[in-house]
Amino acid sequence: MAEIFDSVPEKIKDFEIDERILKLAEKAELACSDTFAEIDRVARKNGERVLRAFINNKVSSACLAGTTGYGYDDIGRDTLDKVYAEVFGAEDALVRHSFVSGTHALTVALFGVLRTGDKLVSLTGKPYDTLEEVIGIRGKGNGSLADFGIDYDQVELMADGKPDIAEIFNKVKGAKVAYIQRSRGYSLRHTLTVDDIAEVVKSVKNANPKAIVMVDNCYGEFVETREPLHIGADLIIGSLIKNPGAGIAETGGYIAGRKDLVELCSYRMTCVGMGKEVGCTLNQNKSMYQGLFFAPEVTANAVKSAAFTAKIMTMAGFECYPKEDEKRGDIITTVLMKNPENLIAFCQGIQKGSPIDSYVTPEPWDMPGYDSQVIMAAGAFNMGASIELSADAPLREPYAAYVQGGLTFPTARMGILTALQEMHERHCLKLF
Ligand SMILES: *Cc1c(COP(=O)(O)O)cnc(C)c1O
């Protein structure tokens with residue numbers, strides 16, 4: 001270890017990171033070595049599954065070219081759906097650059113499956129912020145699920161952050177859709193592991209065998225070797241500017257799962273009857289294939305960055321969730337920064353260590369839909385991509401920064417170190 005570090009200080013010094021921070025980083029990385037070995041093992045399994053799916057589905061160079069107009073007989077699009085289906089354990093999938101975001105794909109899935117008089121029950125407390133208006137928890141008369149007569153209920157997570165299995169068993173009895181959010185998203189809740197999800201699925205199917213288990217899979221893909229469909233969920237939904245796009249897919253989302261349900265979603269996405277037979281891919285196929293191909297390894301880099309962040313920030317005196325060696329279900333590390341000065345210094349430092357827009361300074365602003373100011377650090381190749389190193393934080397107690405992503409571990413590691421350096425220069429750190 002010492003020898004390796006002795007041979008590179010010239011290059012590292014280009015960043016002008018304080019020696020004590022560099023030492024801390026060395027220690028943190030060393031402490032993460034068992035965790036990193038496990039992350040590599042997961043990446044190998046997932047990488048093999050992705051490669052197998054490419055081979056089994058005969059992905060050809062013709063698949064990489066796109067279509068225009070109606071997009072009839074788009075072999076690249078149809079084959080990509082099959083590759084995704086195999087990788088995620090689905091009967092069918094809908095992978096499209098025309099999903100504008102994860103929220104859009106989730107919305108298509110909810111409206112695709114639910115009908116007037118049906119009930120949607122969230123099993124993991126309040127869903128991700130952007131879904132509140134879609135469901136109709138906030139706002140009225142704007143075409144939400146509530147406007148179409150779809151009922152909503154939720155089961156809160158227990159005090160330890162785990163799903164409330166007994167309450168789920170009761171509340172899911174009248175539900176058409178039982179909804180699970182895998183990742184913590186931007187809240188302090190616990191992220192579900194695939195084992196946690198399996199327990200929930202079992203309880204739902206026991207109480208109500210007909211209930212459709214829909215999983216918001218955002219940020220969870222490839223973090224473990226199994227996905228929610230492998231353990232009995234019916235539909236998963238995610239964003240291509242997160243894990244499965246690996247920073248290469250330029251935009252888009254996916255829905256995968258039971259064939260009949262994917263068909264209903266495809267009718268909502270385009271038109272009833274036409275479904276997934278139409279929709280040109282322009283020049284997006286290659287990046288979507290290549291993104292999926294890189295996704296297990298890029299996700300592993302992001303998970304390593306998350307573990308490293310948890311370790312070094314804990315050593316620097318900040319509480320982090322989850323801890324470095326805790327089992328991870330997503331790519332996010334929450335760091336409690338204690339006060340606004342620390343939080344702003346940290347986020348601005350992350351920005352300084354980003355490959356794109358490193359010279360701009362993010363400031364807290366009044367983002368629509370939030371009740372406090374928010375600061376966002378992101379210097380990404382794809383705008384808003386959170387598989388790339390980024391940090392978001394609402395300026396309110398407990399001043400939590402949600403840190404995620406990292407296309408490569410070495411660059412994300414340096415991003416975290418520039419953040420610590422920025423904090424040091426503004427006297428937000430105690431170094432020994
Ligand atoms: C990112 C995310 C979404 C979707 O967000 P978009 O910004 O619309 O892509 C939904 N749920 C969770 C948990 C997420 O992390």
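Just so you know, ligand 1 is whichever comes first in the structure, and atom 1 is the first atom listed for that ligand.
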Can you tell me if Asp216 contacts ligand 1 (heavy atom of the residue under 4.0 Å from the ligand)?
yes
Interfacing atoms of ligand 1 (cut-off 4.0 Å, heavy-atom, Leu106)
10 (C)
If you take the centroid of each ring, where Trp contributes its six-membered ring, are Phe54 and Phe293 closer together than 6.0 Å?
yes
Contacting atoms of ligand 1, where contact means under 4.0 angstrom from a heavy atom of Ser101:
8 (O), 9 (O)
N or O pair under 3.5 Å between Cys218 and ligand 1:
no
Is the closest side-chain donor-acceptor distance between Thr408 and Asn301 under 3.5 Å?
no
Checking the side chain of Arg77 only, and the main-chain atoms of Glu277 only, is there a donor and an acceptor separated by less than 3.5 Å?
yes
Could you tell me whether Lys171 atom NZ has more than 12 heavy atoms of other residues or ligands within 6.0 Å of it?
yes
Just checking, any donor-acceptor pair under 3.5 angstrom between side chains of Glu319 and Thr314?
no
re atom 9 (O) of ligand 1, the protein heavy-atom contact at minimum distance is Gly102 N, 2.8 Å
Under 4.0 Å from a heavy atom of Tyr219: which atoms of ligand 1 are those, numbered in the order shown and with their elements?
15 (O)
Sub-4.0 Å atoms of ligand 1 with respect to non-hydrogen atoms of Gln181
13 (C)
Option whose closest heavy atom lies nearest to atom 6 (P) of ligand 1, chosen from Asp330, Thr103, Ile332:
Thr103
Inspect the surroundings of NZ in Lys173 and state if more than 12 heavy atoms from other residues, nucleotides or ligands are less than 6.0 Å away.
yes
Of Gln404, Lys242, Arg182, which has the heavy atom at the shortest distance from atom 15 (O) of ligand 1?
Lys242
Under a 4.0 Å heavy-atom limit, does His104 contact ligand 1 with its side chain, its backbone, both, or neither?
neither
Taking the six-membered ring for Trp and the single ring otherwise, decide whether the centroids of Tyr289 and Phe294 are under 6.0 Å apart.
no
